[in-house]
Each structure stands twice: as C-alpha cells, then as structure tokens.
Participant: 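Got a structure for you, written out below as structure tokens; questions coming shortly.
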Amino acid sequence: MEIIKEENKIVVLNEQQKEIAYIIFPKLENNLVTLKSTYVDETLRGKGIAHQLLVLFCDELRRTNRKAIVTCSYAKDWFLKHPMYQDVLV
C-alpha cells in the first residue's frame, strides 16, 4: 500500500495503483477545509486505515495552519472519540 497526499485529498493505493481508501477535504476560504468523505474499501475495514488517514489529515492541517469543518459522519464520530485532535476543528 502507498499513501499519497494531495492538496485536498489523502489516498491509499494498492499494488495496482487503485484507490482503496481516501479522505476528501475541499478547500474553503480563509485556511478552512471541509472534511466531506472518508472511504475505506470493504477488504480493509476494521484494520485502522480510516484512523490512520484521519491522523494524517490532522497532522497536515496543523502543519499548514488550517482548520476543518466536518460533514462526514464517520469523521464526526472519530473526532468525538479523539479529543486530542479537536484543535483542528472550527
């Protein structure tokens, strides 16, 4: 597996370069993004991939001094369970 960071997306690719997991966070204005979607292929669910993606997302926001508005239901629940990452939220 390979993890690729794009401007508004973090993607996990398999050996065939197919997207098997990702989070999408389009840019808004004033250093804001909206975390719209978290996806993990059925074959990888339950292995902590979404958690890893969200930690990478939070690290990227901290590094680039951005904040997030979360609309993804999975991510909303994740942030409730991980209060140490609340600082990246609006």
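Basis for what follows: all heavy atoms, side chains included, without hydrogens, waters or symmetry-related copies. Since the model is a prediction, treat every value here as computed from it, not as a measurement.
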Participant: Is M84 atom CE crowded by more than 12 heavy atoms from other residues, nucleotides or ligands, each under 6.0 Å away?
Facilitator: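 It does: M84 CE has more than 12 such atoms within range.
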Participant: Tell me, do I3 and L56 make a side-chain contact under 4.5 Å, heavy atoms counted?
Facilitator: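 In contact.
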Participant: Quick one: are V11 and E6 in side-chain contact, heavy atoms under 4.5 Å?
Facilitator: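 V11 vs E6: side chains touch.
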Participant: Quick test of your reading: applying side chain to side chain donor-acceptor pair (under 3.5 Å), list the pairs with at least one residue in residues 23-38, sequence neighbours left out, ordered by first then second residue.
Facilitator: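 Residue pairs with at least one partner in residues 23-38: there are none.
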Participant: With salt bridge (Lys or Arg N to Asp or Glu O under 4.0 Å) as the rule and sequence neighbours excluded, what pairs involving residues 80-89 come up?
Facilitator: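 Every pair satisfying salt bridge (Lys or Arg N to Asp or Glu O under 4.0 Å) with a residue in residues 80-89: R62-D87.
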Participant: What are the two closest heavy atoms between F57 and F79, and how far apart are they?
Facilitator: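 Nearest heavy atoms, F57 then F79: CE2-CZ, 4.3 Å.
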Participant: For residues 12-26, run the donor-acceptor check on the side chains, cut-off 3.5 Å, and write out each pair with its distance to 0.1 Å, sequence neighbours left out.
Facilitator:
from : atom 1 : to  : atom 2 : distance (Å)
N14  : OD1    : Q16 : N      : 2.9
N14  : OD1    : Q17 : N      : 3.2
N14  : OD1    : K18 : N      : 2.9
N14  : ND2    : Q16 : OE1    : 3.3
Q17  : NE2    : E2  : OE1    : 3.4
E19  : OE1    : K9  : NZ     : 3.3
E19  : OE2    : K9  : NZ     : 3.1

Participant: Give every donor-acceptor pair under 3.5 Å between a side-chain atom in residues 47-54 and any protein atom, sequence neighbours left out.
Facilitator:
from : atom 1 : to  : atom 2 : distance (Å)
H51  : ND1    : W78 : NE1    : 2.9

Participant: Would you compute the distance between atom SG of C58 and atom CD of Q86 and round it to the nearest 0.5 angstrom?
Facilitator: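 Spacing of SG (C58) from CD (Q86) equals 9.0 Å.
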Participant: Return the CG to CG distance between L35 and N8, rounded to the nearest 0.5 Å.
Facilitator: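 If I round to the nearest 0.5 Å, the distance is 11.5 Å.
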Participant: Considering residues at least two apart in sequence or located in another chain, which fulfil the side-chain hydrogen bond (donor to acceptor under 3.5 Å, both in side chains) criterion with T64?
Facilitator: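 Testing T64 for side-chain hydrogen bond (donor to acceptor under 3.5 Å, both in side chains), a comparison that skips the adjacent residues, returns R66.
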Participant: Looking only at heavy atoms, which two atoms of K76 and V70 are closest? And how far apart?
Facilitator: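 Scanning both residues completely, I find the closest heavy atoms to be CE-O, 3.1 Å.
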Participant: For T43, enumerate each residue passing the side chain to side chain contact (heavy atoms under 4.5 Å, CB included) test, keeping only those at least two apart in sequence or located in another chain.
Facilitator: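 T43: side chain to side chain contact (heavy atoms under 4.5 Å, CB included) contacts with D41.
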Participant: A side-chain contact here means heavy atoms from C-beta on lying under 4.5 Å apart; do I69 and L28 qualify?
Facilitator: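 They are in contact (side-chain heavy atoms under 4.5 Å apart), so the answer is yes.
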